[in-house]
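Everything below concerns the one structure shown next.
The sequence lines fix the lettering, A, B, ..., with proteins before strands; numbering per chain opens at 1.
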Number of protein chains: 2
Amino acid sequence: MDTKSPSPELNRLTASVLKALAHPIRLQIVEVLREGERCVCEIVDSIEGQRSNISRHIGILMRAGLIEGRREGLRIFYRLKMPCVLSFFDCTHKVLIQQLRERARMLEEL
Amino acid sequence: MDTKSPSPELNRLTASVLKALAHPIRLQIVEVLREGERCVCEIVDSIEGQRSNISRHIGILMRAGLIEGRREGLRIFYRLKMPCVLSFFDCTHKVLIQQLRERARMLEEL
DNA sequence: TTACTTTGTTACTAAAAACTCACATAGACG
DNA sequence: CGTCTATGTGAGTTTTTAGTAACAAAGTAA
């Protein structure tokens, strides 16, 4: 019997999903797609950065299964495939607010 | 007026929180702490990997504000500070199951 | 067909993260 | 004090990820 963690393999897979999301540009893409389907051209226009770089990040979200695309003529429209990821932000915001609180308190204590 | 994404800076911070969690060892630490407070020695015993490396990962979770520690003699006991991160796993599991479904379907289509 | 548009990919460089080993610190206790 | 135990850190190497520029692919339409 293995005395170590119950699910190292599941944790490896879970990490790969979180990692796919853990990048500012990829979060901005998710933020844009939150409003609905968008073509790459629209995504690129709404985000700072080079077209080929943004295209790479779209690919990372695709391969992680978080978004999906559909071609319409020359354009490819992407949309959120797993909208449940939006629920992460409630918690991440709590974490950030807590970080701020503590840093403010540390400043006061000087 | 800025025509780009509404919150690039917030997304940078959000990414830093997600990134802190997006590693197999750190997820295993969270999994262990889910059951309650644990000292480093117990965490190390329950996870595959070198002491100093696990210590580093504990540090990363600490600096992200996801866990907190308390010294008791020689030992330091850590616990989840933001249990809301546990809610992420509902969604990450959905994503993984969906990935599996699609890969199975692709195999069938051969 | 050729020319054009939109998107994705290859190959490379640069930057960041992870891992390891040795050492440092903090407290307990003789 | 010295020594032991538990934990953290510095410095270096290796691995992974990000970014860029040039090119390739897929569709449109003259």
Side-chain angles (χ1 to χ4, degrees), chain A residues 4-5 8-9 11-30 32-33 37-79 81, chain B residues 4-5 8-9 11-30 32-33 37-79 81:
Chain A
K4 302 294 179 180
S5 173
E9 180 60 13
N11 282 327
R12 206 183 54 76
L13 293 168
T14 303
S16 74
V17 174
L18 291 174
K19 204 153 50 168
L21 212 54
H23 188 285
I25 290 182
R26 297 198 286 273
L27 288 173
Q28 285 180 234
I29 293 169
V30 167
V32 171
L33 297 185
E37 205 177 47
R38 293 287 185 277
C39 68
V40 176
C41 53
E42 291 170 313
I43 296 171
V44 167
D45 284 348
S46 61
I47 294 179
E48 208 67 51
Q50 215 170 286
R51 207 187 41 67
S52 73
N53 194 27
I54 292 174
S55 193
R56 298 183 82 79
H57 286 294
I58 290 175
I60 290 169
L61 290 170
M62 273 286 276
R63 281 186 294 280
L66 300 179
I67 65 177
E68 59 192 344
R70 137 186 103 77
R71 183 179 275 275
E72 192 177 309
L74 281 178
R75 296 182 176 177
I76 299 180
F77 287 83
Y78 288 97
R79 66 177 167 215
K81 184 178 180 183
Chain B
K4 303 294 180 178
S5 173
E9 180 60 13
N11 282 326
R12 207 183 54 75
L13 293 168
T14 302
S16 74
V17 174
L18 290 175
K19 204 153 50 169
L21 210 55
H23 188 286
I25 290 182
R26 298 198 286 272
L27 288 173
Q28 286 180 235
I29 294 169
V30 168
V32 170
L33 296 185
E37 204 177 48
R38 293 286 185 278
C39 69
V40 176
C41 51
E42 292 170 312
I43 296 171
V44 167
D45 284 349
S46 60
I47 294 178
E48 208 67 51
Q50 221 171 281
R51 220 180 190 69
S52 71
N53 195 27
I54 292 174
S55 192
R56 275 184 196 292
H57 286 295
I58 290 174
I60 289 169
L61 289 169
M62 274 286 278
R63 281 188 293 280
L66 301 179
I67 65 177
E68 60 191 344
R70 141 186 100 75
R71 184 178 275 274
E72 191 177 308
L74 282 177
R75 296 183 176 176
I76 299 180
F77 288 83
Y78 287 97
R79 65 176 170 221
K81 184 179 181 181

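- Atom CZ in A:R51 sits roughly 14 Å away from atom C1' in D:dG19 (whole-Å rounding).
- Put simply, CZ on A:R26 is 9 Å from C1' on D:dA18, counting in whole angstrom units.
- Atom pair A:I67:CD1 and C:dT7:C1' shows a separation of 13 Å (rounding to whole Å applied).
- Among all heavy-atom pairs drawn from B:R51 and B:V44, the shortest one is NH1-CG1, 3.7 Å.
- A heavy-atom distance below 4.5 Å is found between the side chains of A:M62 and A:I67.
- Across all strands, A:I60 comes closer than 4.0 Å only to sugar-phosphate atoms, never to a base (heavy-atom distances).
- The nearest whole Å value for the distance from the CZ atom in A:R38 to the P atom in C:dT7 is 14 Å.
- An OP1 or OP2 oxygen of C:dG8 is reached within less than 4.0 angstrom by no side-chain nitrogen or oxygen of A:H57.
- Closest approach of A:A64 and A:A20 over heavy atoms only: CB-CB, 3.4 Å.
- Residue A:L61 contributes atom CG, which lies 11 Å from atom P of D:dA18 at whole-angstrom precision.
- Position along DNA chain D of the nearest nucleotide to A:L74 versus A:I25 favours A:I25 as the more 5'-ward residue.
- Of the candidate nucleotides C:dA18, D:dG19, D:dT7, D:dG19 has the atom nearest to the side chain of A:H23.
- Remark: C1' of D:dA18 and NZ of A:K19 are 13 Å apart, rounded to the nearest angstrom.
- Between C:dA28 and B:R75, no contact under 4.0 Å exists linking OP1 or OP2 to a side-chain N or O.
- Between B:L33 and B:I43 the shortest side-chain heavy-atom distance falls below 4.5 Å.
- At least one side-chain heavy atom of B:L21 sits less than 4.5 Å from a side-chain heavy atom of B:V30.
- The pair A:E9-A:R12 meets the salt-bridge criterion, with a side-chain N (NZ, NE, NH1 or NH2) lying under 4.0 Å from an Asp/Glu carboxylate O.
- Whole-Å rounding puts the B:I43 CD1 to D:dA6 C1' distance at 12 Å.
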Tabulate protein N/O versus nucleotide N/O from nucleotides 8-10 of chain D, keeping only pairs under 3.5 Å, one per line.
{"from": "D:dG8", "atom 1": "OP1", "to": "B:Y78", "atom 2": "OH", "distance (Å)": "2.2"}
{"from": "D:dG8", "atom 1": "OP2", "to": "B:S55", "atom 2": "OG", "distance (Å)": "3.0"}
{"from": "D:dG10", "atom 1": "N7", "to": "B:R56", "atom 2": "NH2", "distance (Å)": "2.9"}
{"from": "D:dG10", "atom 1": "O6", "to": "B:R56", "atom 2": "NH2", "distance (Å)": "2.2"}

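- Side-chain N or O atoms of A:S16 include one that pairs as donor or acceptor with a backbone N or O of A:L13 at under 3.5 Å.
- Look at CG on A:L21: it is 12 Å from P on D:dA18, rounded to the nearest Å.
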